Amino acid sequence: MRLSRYFLPVLKENPAEAQIVSHRLMLRAGMIKQQAAGIYSWLPLGYRVLRRIEEIVHEEQIRAGHIPLLMPTLQPADLWRESGRYDDYGQEMLRIRDRHERDLLYGPTNEEMITDIFRAHVESYRQLPLTLYHIQWKFRDEVRPRFGVMRGREFLMKDGYNFDIDRDSALHAYNRHMVSYLRTYERMGLTAIPMRAASGPIGGDDTHEFLVLAATGESEGFYDDRVTRLKLGDRQIDYDDRAQVKAVCEEFTSLYARTDETHDEAAFAAVPEEHRKAGRGIEVGQIFYFGTKYSEPMGAMVVNERGERVPVHMGSHGIGVSRLVGAIIEASHDEKGIIWPEGVTPFHCGIVNLRQGDGAADAACEALHAGLVARGLAPLYDDRDERAGAKFATMDLIGLPWRITVGPRGLAEGRVELTSRRTGESEAMSPEAAVDRIAQIYADR
RNA sequence: CGGAGUGUAGCGCAGCCUGGUAGCGCACUUGCUUCGGGAGCAAGGGGCCGGAGGUUCGAAUCCUCUCACUCCGACCA
């Protein structure tokens, strides 16, 4: 992509309304535009990151054997009257009436609807286990939206629902989600700690929240800091292997890690003092096992092997997709701007032409651009007629992890410069070597 | 929902107290010079001063009402 033909409205100054760093940087980098309290347009750069995060979530859900579908944003109120939540949910639920005076609502979550789909089409235990999920916009009419996309009213969320014949099978689904979530966050360059949490209005006995540590987080957690060093890495996981999946969960949950709601001072005191940490975190996901809470009242039953009609065991699991964009920035930035992890970066690298209009520099940049595209990569070439400083400042702000700098001085010796946004370190090399290096960096992502 | 604020050019702000031709910086347009970390000079363009009512010869400024947004607290992916 050539920057001169792109739409990247960056701001030099901080917008007054943005208090926290991710919100400021998203506005300055031209990623979002606010349209109303807690409601945002995603401008091209922000949209690319959002899509990238969505892709990773999809890939890891599918890898775990979960099946994507898509449910609507608007739901009939009757479905929610059935579960009893239409009245319980309160002011947070946006209620709408159509031209025929029928009550609708903009979905804040989808337990009722997925249960409706399930009961219409599944009759037998032979069709289980089943996990369905979608990534769809939600609306919760928060009293006080804030922090940009981290606490919007409209937000994009992956929500998944498992249906199992019994508790053991449902708990395996729970564990499977935990492992798939750990891998999802790791691919985004995040350390997200699963913490035992309180269940809240969705209900159920088992639940973990995934917290990305950040001073601006809204949740409080207490943990053994050795948990932050655990890595899933590239180990192979067989998601059908209950014992293996359970072992991974135990590895990641045996150290103390709880939110303030379930915090237990006595248990925490057993953690060696040098590892005892309390801190704030951004909740980027949560998993629940809630048994037959929805299946029973809504009649989601299957026939078991003894011919009896039994309610299915369910769980639900969410990842805050749009919130993750903010969370990643909170976890990865410096005073100059964003630093995207390679896994979610909107463009794989930037190309900065120091002397636009110089024949050799222009040609070298074009060749680099073409070379990277030929390798299946997406470079952003700053071909504007701007001075070097302005181009560097823009690149640093929007946070592409790698930058190739091209100028007449270096080109005279056949060299360009490859710079890491994270470390600031530069290395001179031939243009071909730079393309090879970038391709290699992204080879397994 | 309680408390505190703010609405003036795309962004950041001044002007309001004490009514009298709407201003500054950045951004934008044109030209010249410059060109390895947000350049300089010159000339331009852009405003229903959030909205509605009122007071006044005259309102960005005073009064009333209203809408929107932000921040602090209690609640939530």
Side-chain angles (χ1 to χ4, degrees), chain A residues 9-20 23-24 27-28 30 33-39 57 89-93 107-110 135-160 181 192 197-202 207-212 217-219 259 261 281-288 316-327 336-337 352-358 361 382 384-397 403 405-412 415-417 419 424 426 428:
Chain A
V10 299
L11 304 174
K12 234 176 183 178
E13 281 167 295
N14 281 322
E17 79 265 22
Q19 293 302 306
I20 65 166
H23 191 194
R24 276 205 301 271
L27 290 165
R28 285 197 53 208
K33 180 184 187 312
Q34 182 170 334
Q35 305 293 168
I39 300 177
V57 171
Y89 222 93
Q91 291 286 103
E92 264 193 25
M93 187 154 76
T109 177
N110 286 67
I135 297 179
Q136 176 64 291
W137 292 95
K138 306 288 187 289
F139 195 93
R140 294 186 191 174
D141 200 358
E142 298 275 347
V143 188
R144 189 178 158 218
R146 63 188 112 167
F147 303 152
V149 300
M150 298 243 288
R151 176 90 177 266
R153 290 193 294 170
E154 189 186 47
F155 57 97
L156 189 61
M157 178 167 122
K158 172 262 161 180
D159 46 321
Y181 278 25
S199 65
I202 294 179
T207 178
H208 280 84
E209 283 183 8
F210 291 78
L211 258 61
V212 171
E218 293 193 89
S219 309
T259 64
E261 298 149 320
I282 301 161
E283 189 193 334
V284 292
Q286 186 158 16
I287 53 179
F288 299 93
S316 76
H317 323 87
I319 293 181
V321 173
S322 49
R323 171 178 284 184
L324 271 166
V325 180
K336 293 179 189 166
V352 167
N353 187 345
L354 294 174
R355 189 69 72 90
Q356 206 68 43
D358 175 272
D382 190 345
R384 295 172 303 163
D385 189 17
E386 288 285 346
R387 296 162 62 97
K391 292 189 178 188
F392 287 141
T394 299
M395 281 296 172
D396 289 344
L397 174 62
R403 184 184 83 210
T405 308
V406 180
R409 205 186 287 169
L411 281 179
R415 299 289 175 94
V416 297
E417 216 169 82
T419 306
S426 290

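Per chain, numbering begins at 1; letters A, B, ... match sequence-line order. A quick note: this is a predicted structure, and the numbers were derived from the prediction, not measured.
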Return the nearest nucleotide to the side chain of [X]; candidates are [options].
| X | options | answer |
| --- | --- | --- |
| A388(A) | G12(B), G36(B), C11(B) | G36(B) |
| R409(A) | C35(B), G36(B), G37(B) | G36(B) |
| A37(A) | G38(B), U70(B), C1(B) | U70(B) |
| K12(A) | G38(B), C11(B), C35(B) | G38(B) |
| R387(A) | C13(B), G25(B), U34(B) | U34(B) |
| A390(A) | A74(B), G12(B), G38(B) | G38(B) |
| L354(A) | G12(B), G36(B), G38(B) | G36(B) |
| E218(A) | U70(B), G25(B), C75(B) | C75(B) |
| R151(A) | C75(B), G36(B), G12(B) | C75(B) |
| Q19(A) | C75(B), C71(B), G36(B) | C71(B) |

Whom does [N] pair with, Watson-Crick or G-U wobble, provided both distances fall under 3.5 Å?
| N | value |
| --- | --- |
| U61(B) | none |
| G44(B) | C28(B) |
| A9(B) | none |
| A4(B) | U70(B) |
| U34(B) | none |
| G19(B) | none |

| query | Heavy atoms, side chains only, cut-off 4.5 Å: are E92(A) and P108(A) in contact? | reply | no
| D382(A) versus Q356(A): any side-chain heavy-atom pair under 4.5 Å? |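 No, their side chains stay 4.5 Å or more apart.
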| field | Over 12 non-hydrogen atoms of neighbours within 6.0 angstrom of CD in E218(A) | value |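 Check passes, neighbour count above 12.
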N/O donor-acceptor pair, side chain [X] with base [N], under 3.5 angstrom:
| X | N | value |
| --- | --- | --- |
| R146(A) | C71(B) | no |
| R403(A) | G37(B) | yes |
| R28(A) | G38(B) | yes |
| E386(A) | G38(B) | no |

| When the distance from CZ of F210(A) to P of C76(B) is rounded to whole Å, what number comes out? | 19 Å
| So what does A36(A) touch, heavy atoms closer than 4.0 Å: a base, only the sugar-phosphate, or nothing? |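 Result for A36(A) = sugar-phosphate.
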| Distance from K336(A) atom NZ to T394(A) atom OG1, nearest 0.5 Å? | 13.0 Å
